[in-house]
Amino acid sequence: MRKIISSLLCAAAVALLVAPPARAEESAADIARRSRERGALNLLGLRAELKLTTVTKEGRRKEQVLTSTAKRVEGRLCSLARFSQPAGVAGVAVLSIEGAKGEPSDISLYLPKLKRVRKVAKGQRGQSFMDTDFNYADLGGTGGERDESLRLAGEAKVLDRPAHVLRGQAGPDSPYGEVTLYVDKETDVPLKAEYSDREGKPFKVYRAVQLKKFKDRVVASPSVMENLQTGSSTTLEVLKLEEVQLGDEAFTERALERG
């Protein structure tokens with residue numbers, strides 16, 4: 001019996017020595033970075049045709065159609081959105097380039113009527129993006145939150161799916177104060193986001209209504225951004241998805257002007 005126990009102990013010791021180390025705990029910043037690449041405006045490696053439907057508190061309705069593509073260029077997430085409908089906004093394009101660590105995204109806007117590109121200043125990040133309930137801070141990810149400020153704040157169920165809960169402060173150029181993100185554990189898709197304003201009052205809520213699968217990817221469609229202070233909301237729907245292989249040149253200001 002002693003020999004059997006001794007053999008079992010030796011076998012267990014060997015197993016511990018050769019077993020791979022346990023997976024290290026992921027940081028909130030790592031989860032947030034992956035989540036940005038799964039947001040509908042930053043679908044890495046895909047071209048998405050999207051529809052934005054904005055409804056005011058009074059019931060006025062407006063629809064806009066655009067395409068969005070994203071790629072990592074020199075380690076930075078770059079996304080390009082170009083509007084096609086209605087005629088009044090056709091050709092308007094927005095280029096967002098992820099900032100260096102701790103810096104906000106660099107955002108450029110092409111206005112075909114003026115035939116020029118202009119920078120969206122840091123102080124303008126809180127302005128509405130094309131008269132929707134999204135703003136320019138949302139283009140860089142999920143509201144301009146600082147990765148270094150994010151912390152894991154537990155877990156929750158969203159759409160009956162387990163999600164990481166991340167909480168942190170938005171950057172000084174964001175219209176938001178505290179941001180709480182709910183990121184799907186399995187797919188890294190952002191399922192929900194809660195925003196307070198700079199004074200700490202509830203401001204906006206983003207939520208995925210449904211998840212859809214495209215080949216080996218899962219996307220939120222439709223999703224809704226609701227402004228709790230104005231009573232308006234914007235629904236974002238993915239109409240079409242396709243894989244693309246664009247060169248780095250496509251994500252430059254010069255390419256914005258060419259269309």
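The closest side-chain heavy-atom distance from Arg125 to Ile107 is below 4.5 Å. The shortest side-chain heavy-atom distance between Phe134 and Leu236 falls under the 4.5 Å cut-off. Annotation: side chain of Glu63 is not in contact with side chain of Gln85 (no heavy-atom distance under 4.5 Å). When side chains are defined from C-beta on, Val73 does not count as touching Ile97, because their heavy atoms never get closer than 4.5 Å. Using a 4.5 Å cut-off on side-chain heavy atoms (C-beta onward), Val120 and Leu139 make no contact. The closest side-chain heavy-atom distance from Glu242 to Leu46 is not below 4.5 Å. You'll find the side chain of Val238 stays beyond 4.5 Å of the side chain of Lys212, heavy atoms only. Leu109 places a side-chain heavy atom less than 4.5 Å from the side chain of Tyr136.
Taking each heavy atom of Leu44 and Lys71 in turn, the nearest pair found is CD1-CA, 3.5 Å. In this structure, Met130 and Lys62 approach most closely via the heavy-atom pair O-NZ, 3.8 Å. Between Asp216 and Lys213, the closest heavy-atom pair is CA-CE, 4.4 Å. Contact record, Tyr206 with Pro190: CE2-O, 3.8 Å, taken as the closest heavy-atom pair. Closest heavy-atom contact between Arg198 and Pro172: NH2-CA, 4.0 Å. Considering every non-hydrogen atom in both Gly75 and Glu98, the closest pair reads O-OE1, 4.1 Å.
Separation of atoms CD (Glu226) and OG1 (Thr234) is listed at 10.5 Å; rounding is to 0.5 Å. Put simply, CZ on Phe251 and OG1 on Thr69 are 4.0 Å apart, with the number rounded to the nearest 0.5 Å. Rounding to the nearest 0.5 Å gives a distance of 12.5 Å between CG of Asp30 and OG of Ser35. Here His164 contributes atom NE2 and Leu181 contributes atom CG; the two are 12.0 Å apart, rounded to the nearest 0.5 Å. We find the NZ-CG distance between Lys204 and Asp133 to be 6.0 Å, quoted to the nearest 0.5 Å. With values rounded to the nearest 0.5 angstrom, Ser68 atom OG is found 11.5 Å from Arg82 atom CZ.
Connection of Leu241 to Leu52 is established within a shared hydrophobic cluster, with ILVMFWY side chains joined at heavy-atom distances below 4.5 Å, either directly or through further cluster members. A continuous path of hydrophobic side-chain contacts links Val244 to Leu256 [ILVMFWY only; heavy atoms under 4.5 Å]. Linking ILVMFWY residues whenever their side-chain heavy atoms come closer than 4.5 Å, directly or via other members, leaves Val189 and Leu166 in distinct clusters. A single hydrophobic cluster is seen to contain both Leu152 and Val183, as judged by linkage of ILVMFWY side chains at heavy-atom distances under 4.5 Å, directly or through other members. Connection of Leu80 to Val117 is established within a shared hydrophobic cluster, with ILVMFWY side chains joined at heavy-atom distances below 4.5 Å, either directly or through further cluster members.
For Glu74, the CD atom counts as loosely surrounded, since its 6.0 Å shell holds 12 or fewer non-hydrogen atoms of other residues, nucleotides or ligands. In Glu58, the CD atom is crowded: over 12 heavy atoms of neighbouring residues, nucleotides or ligands sit closer than 6.0 Å.
For the residue pair Gln64 / Asp131, no side-chain donor-acceptor distance below 3.5 Å is found, with atom types taken as modelled.
Taking the side chain to side chain donor-acceptor pair (under 3.5 Å) definition, one finds that Lys122 meets it with nothing, sequence neighbours left out.
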query: Where do Asp138 and Tyr176 land on the side chain to side chain donor-acceptor pair (under 3.5 Å) test, with the steps shown first?
result: CA-CA 10 Å; Asp138 298 318; Tyr176 304 128; 3.1 Å; yes
task: Please assess Gln127 against Asn135 for the test side-chain contact (heavy atoms from CB on, under 4.5 Å), listing each intermediate value before the final yes or no.
output: CA-CA 5 Å; Gln127 293 182 1; Asn135 56 44; 6.0 Å; no
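For the side-chain contact (heavy atoms from CB on, under 4.5 Å) criterion with Tyr182, the lone passing option out of Lys157, Glu194, Glu155 is Glu194.
Glu257 places no side-chain N or O within 3.5 Å of a backbone atom of Arg116 that could act as its donor or acceptor partner. No donor-acceptor pair under 3.5 Å is formed between the side chain of Arg118 and the backbone N or O of Leu111. Formation of a donor-acceptor pair under 3.5 Å by the Ser96 side chain with backbone atoms of Ser79 is not found in this model.
Contact check on Lys119 versus Glu253 returns a salt bridge, with a Lys/Arg side-chain nitrogen under 4.0 Å from an Asp/Glu carboxylate oxygen. Between Asp184 and Arg161 there is a salt bridge, with a side-chain nitrogen of the basic residue lying less than 4.0 Å from a carboxylate oxygen of the acidic one.
Counting only residues at least two apart or in different chains, ring pair (Phe, Tyr, Trp, His ring centres under 6.0 Å) contacts with residues 45-95 comprise Phe83-Phe129.
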